[in-house]
Structures are given as C-alpha cells and as structure tokens.
Amino acid sequence: MTSDIPSPLAETSLATALATGAVVLDGGMSNQLESAGHDLSDELWSARLLAERPEAIIEAHLAYFEAGANVAITSSYQATFEGFAKRGIDRQEAARLLTLSVELAREAARRAQGKGATHPLWVAASVGPYGAMLADGSEYRGRYGLSVQELERFHRPRLEVLAAAAPDVLALETVPDADEAEALLRALRGLGVPAWLSYSITGAHTRAGQPLEEAFALAADADEVIAVGVNCCAPEDVDAAVAIAARVTGKPGVVYPNSGEAWDAEARAWKGRSSFLTEQVLGWHESGARLIGGCCRVGPEAVASIARTLSPV
C-alpha cells in the first residue's frame with residue numbers, strides 16, 4: 001500500500017492527516033463551472049471540459065483551494081471509456097483525458113501554492129458509479145441489473161488509469177448500491193493507491209435500499225480504504241450515517257452532502273431550497289467525520305466557511 005506516501009504538495013499523507021485532525025474537501029465541480037458560464041447540459045457533464053476547456057477546470061479547482069480546501073476532487077466523475085466512446089472518443093484518448101483530470105488538479109494546487117496557500121493540498125481522483133455513465137439519474141437508484149462481476153469489469157480499467165496518474169487517493173463516490181461498492185472494492189485491490197468510499201443515501205439506507213450498517217461493513221476490512229461515509233445526499237441525513245460508518249468500520253468518516261436541493265433527472269435541474277448550514281459540520285465532526293466538504297450546489301463560499309469552522313490541518 002502507498003497510503004503513507006506524502007503528496008508532492010503536502011508534507012504528510014492524507015491518511016496520516018486524517019488521524020490527527022479535520023481535512024476540508026472542496027465543493028461541487030459542476031456548480032462552480034456553471035457559475036463561470038460553462039454549459040454542462042450534455043451527458044458528459046463536467047467531463048466534456050477535459051477535452052474542450054481544461055483551463056476552466058483548473059480555475060474551478062483553484063477557487064476551492066483558495067477558499068481553504070485541502071482536497072480537490074477531479075473532474076473524472078462522469079469520465080468513462082463507455083461514455084467517451086458515445087462521443088466518438090477512442091480508448092487511448094479517453095485514457096489521456098482521465099489522466100489529465102489528475103494533472104489539472106495538481107496544476108491548480110501548484111498555482112494555489114504559488115499564490116500563497118500554506119495549507120496541505122491533496123488530489124482525489126473521482127470514480128463515479130456506473131449510473132453516472134448512463135446519465136439518466138440511475139446513480140440515484142442503483143439496481144442496474146448487473147452482477148458484481150460485471151460492475152467490477154466496468155470499473156477496473158478506469159481505476160487502473162486513474163491510479164497510474166498518481167493521485168493521493170481515489171474517491172469511490174456517490175455509490176448508490178452496496179453491490180456496486182463490493183465491485184469497486186474488488187477492482188481497487190492491488191492498485192497501490194488508497195481510497196475513500198462514500199455512498200449516496202436516503203435516511204439510514206443506500207439509494208438502492210440496503211441498510212447502511214451492511215453497506216459500510218463491506219469496507220471495514222479493506223486496508224486500501226482510509227475513510228468511509230456519504231456524499232451527494234441531504235445534509236440532514238449526514239449525522240446518523242457518519243456515526244454508523246465510524247462505528248461499523250472504525251475508519252475516519254467522509255461527508256460531503258449536497259446543498260439540500262433535489263435533482264430532477266428529467267429536467268436536468270435542481271429544485272427546492274438549500275438546507276446546508278455550516279454550523280452542521282461541527283456535529284458531523286463529533287460523529288466521526290474527518291474529511292468534510294460539500295457536493296452539488298455547495299460552492300467556494302461555503303467551503304471557506306467550513307474551513308474557518310473546523311480549523312483543519
């Protein structure tokens with residue numbers, strides 16, 4: 001395992017930092033890009049800009065680093081060989097774009113340090129669920145009709161490419177289904193890069209309906225996994241979930257919920273009102289969360305407030 005190897009841009013590894021204090025994650029990539037005027041309406045979402053506007057991705061990461069985030073999550077959430085192939089992008093170019101997602105986050109970290117950032121900076125390579133490639137909202141349901149073995153075969157090639165790009169950690173994120181988590185954990189083995197596992201949930205269950213105790217337990221004995229928790233969920237669901245994750249796995253918790261608005265997959269738009277309050281993060285920390293940030297619709301201003309509240313590493 002390589003979890004004890006420090007980042008090129010931090011003096012210690014992320015795993016070590018989690019053992020000593022709170023670490024601030026960034027916020028939503030898509031909302032930051034949209035706020036800068038970029039159209040993300042097609043199926044590749046923010047991954048389209050890897051090919052078309054890589055500088056925009058650097059700027060989005062930089063905004064979060066300057067806000068006080070310690071960790072940038074790459075724009076590879078929706079970047080898959082299959083999704084790129086639908087757009088006529090071959091496997092070699094798709095692999096280059098996946099690698100580029102890590103390089104762009106590293107470049108943003110270098111620029112942040114060049115502009116005076118003194119806090120540790122790490123890069124997390126995003127690995128979204130199978131449903132993200134389908135771009136039909138099924139990442140909020142799970143139950144794709146695929147076996148664990150089929151899901152493992154889907155995820156492994158992308159994980160191999162991202163691991164070879166040498167991120168500090170792999171973010172196995174927005175996982176709606178314990179079966180897919182099992183597939184991801186199998187695909188992770190032997191890659192030599194640590195990971196966190198975070199589910200998308202409703203209440204005390206995964207989006208697919210499995211009890212969180214069972215879902216989190218899958219990662220309890222996975223040495224590669226350095227944190228377990230939830231993301232892309234309602235803020236009010238975090239407290240109980242992260243407490244379960246910490247109790248079941250004994251690992252640091254990771255939490256980065258949405259703003260509280262709901263995604264309408266048909267309209268491809270967010271609806272409702274925000275319920276994300278910075279004051280909530282202290283409760284999450286007390287429940288076992290050590291990696292804390294925001295997901296969809298949570299921007300640099302909220303991340304800056306989280307950083308001030310937590311006084312991170």
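Excluded from the calculations below are hydrogen atoms, water molecules and symmetry mates; all remaining heavy atoms, backbone and side chain alike, are included. Keep in mind that this is a model prediction, so the values were computed, not measured.
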For the residue pair Asp239 and Trp284, establish whether any side-chain heavy-atom pair is separated by less than 4.5 Å.
yes

Could you list the residues that satisfy side-chain hydrogen bond (donor to acceptor under 3.5 Å, both in side chains) with Glu160, not counting sequence neighbours?
Arg156

Does the ring of Phe81 carry Arg91 above it, NZ/CZ under 6.0 angstrom from centre and within 45° of its axis?
yes

What distance separates Glu152 CD from Leu159 CG, expressed to the nearest 0.5 Å?
10.0 Å

Tell me whether Asn31 contacts the main-chain N or O of Cys296 through its side chain, where contact means a donor paired with an acceptor under 3.5 Å.
no

Results of side-chain contact (heavy atoms from CB on, under 4.5 Å) for Thr309 - residues two or more places apart only
Thr278, Val281, Leu282, Ser305

Does Tyr144 reach the main-chain N or O of Gly131 with its side chain, forming a donor-acceptor pair under 3.5 Å?
yes

Sorted by chain and number, sequence neighbours left out, salt bridge (Lys or Arg N to Asp or Glu O under 4.0 Å) with Asp179 holds for Arg143

Please answer whether the main-chain N or O of Ala227 pairs with a side-chain N or O of Arg290 as donor and acceptor at a distance below 3.5 Å.
no

Identify, with sequence neighbours excluded, every residue that meets salt bridge (Lys or Arg N to Asp or Glu O under 4.0 Å) alongside Glu182.
Arg186

Just by modelled atom types, is the Val71 backbone N or O under 3.5 Å from a matching donor or acceptor in the Tyr64 side chain?
no

Under a 4.5 Å cut-off applied to non-hydrogen side-chain atoms, are Trp122 and Thr12 in contact?
yes

Residues which pass side-chain contact (heavy atoms from CB on, under 4.5 Å) with Arg111, listed by chain and number, not counting sequence neighbours:
Glu55, Ile58, Leu62, Glu107

What residues, two or more places apart in sequence or in another chain, satisfy side-chain contact (heavy atoms from CB on, under 4.5 Å) together with Gln92?
Asp90

Looking only at heavy atoms, which two atoms of Ile201 and Asp237 are closest? And how far apart?
CD1-O, 3.8 Å

Nearest heavy-atom approach of Asn231 to Ser198 is OD1-OG, 2.8 Å

What residues form a side-chain contact (heavy atoms from CB on, under 4.5 Å) with Ser147, not counting sequence neighbours?
Gln149, Glu150

Run the side chain to side chain contact (heavy atoms under 4.5 Å, CB included) test on Val193 and Leu162 for me, step by step, so that the C-alpha distance in whole Å, both residues' side-chain angles and the decisive distance to 0.1 Å come before the verdict.
CA-CA 10 Å; Val193 178; Leu162 288 171; over 6 Å; no

Pair Ile73-Glu173, side chain to side chain contact (heavy atoms under 4.5 Å, CB included): steps then yes or no:
CA-CA 10 Å; Ile73 302 174; Glu173 58 176 354; 3.7 Å; yes

Would you mind reporting whether Val230 and Pro257 have side-chain heavy atoms less than 4.5 Å apart?
no

Closer than 3.5 angstrom, by distance alone: can the side chain of Thr80 be matched with the main-chain N or O of Gly83 as a donor-acceptor pair?
yes

Distance (rounded to the nearest 0.5 Å) between Leu184 CG and Arg158 CZ:
8.0 Å

Kindly give the heavy-atom pair with the smallest separation between Ala94 and Ile89, and that separation in Å.
N-CG2, 3.8 Å

Which pair of non-hydrogen atoms, one from Ala60 and one from Met29, has the smallest distance, and what is that distance?
CB-SD, 3.6 Å

Any donor and acceptor pair, going by atom type alone, linking the side chain of His285 with main-chain N or O of Gly21 inside 3.5 Å?
no

Qualifying ring-ring contact (aromatic ring centres under 6.0 Å, His included) pairs with a residue from residues 213-247, counting only residues at least two apart or across chains
Tyr199-Phe216

At their closest point, which heavy atom of Asp168 faces which heavy atom of Arg106, and how far apart are they?
OD2-NH1, 3.0 Å

To the nearest 0.5 Å, atom CD of Gln210 lies from atom CG of Asp177 at 4.5 Å

Indicate if Leu188 and Val148 have the same hydrophobic cluster label, given that clusters are the connected sets of ILVMFWY residues with side-chain heavy-atom separations under 4.5 angstrom.
no

Check whether any side-chain N or O of Thr74 sits under 3.5 Å from a backbone N or O of Ser126 as a donor-acceptor pair, and report yes or no.
yes

Over all atoms of both residues, closest heavy-atom pair of Val298 and Ser259:
CG2-N, 3.8 Å

Got a sec, which residues hit salt bridge (Lys or Arg N to Asp or Glu O under 4.0 Å) with Glu93, two or more places apart in sequence or on another chain?
Arg96

Side-chain (Gln78) to main-chain (Ala132) donor-acceptor, under 3.5 angstrom
yes

Going by the rule salt bridge (Lys or Arg N to Asp or Glu O under 4.0 Å), which residues pair with Glu213 if we only count those two or more places apart in sequence or in a different chain?
Arg247

Approximate separation, where rounding is to 0.5 Å, of Leu50 CG and Phe84 CZ
5.5 Å

Hits for side-chain hydrogen bond (donor to acceptor under 3.5 Å, both in side chains) against Ser138, two or more places apart or cross-chain, chain-then-number order -> Asp136

Might you work through the side chain to side chain contact (heavy atoms under 4.5 Å, CB included) test for Trp196 and Leu25, ending with a clear yes or no?
CA-CA 12 Å; Trp196 77 63; Leu25 296 175; 3.7 Å; yes

For residues 152-191, which residue pairs pass the ring-ring contact (aromatic ring centres under 6.0 Å, His included) check, not counting sequence neighbours?
Tyr130-Phe154

Exam field: side chain Asn70 to backbone Pro120, donor-acceptor pair closer than 3.5 Å
yes

OG1-CG distance between Thr118 and Leu121, expressed to the nearest 0.5 angstrom
9.0 Å

Pairwise distance CD(Glu224) to CG(Leu185) - rounded to 0.5 angstrom:
8.0 Å

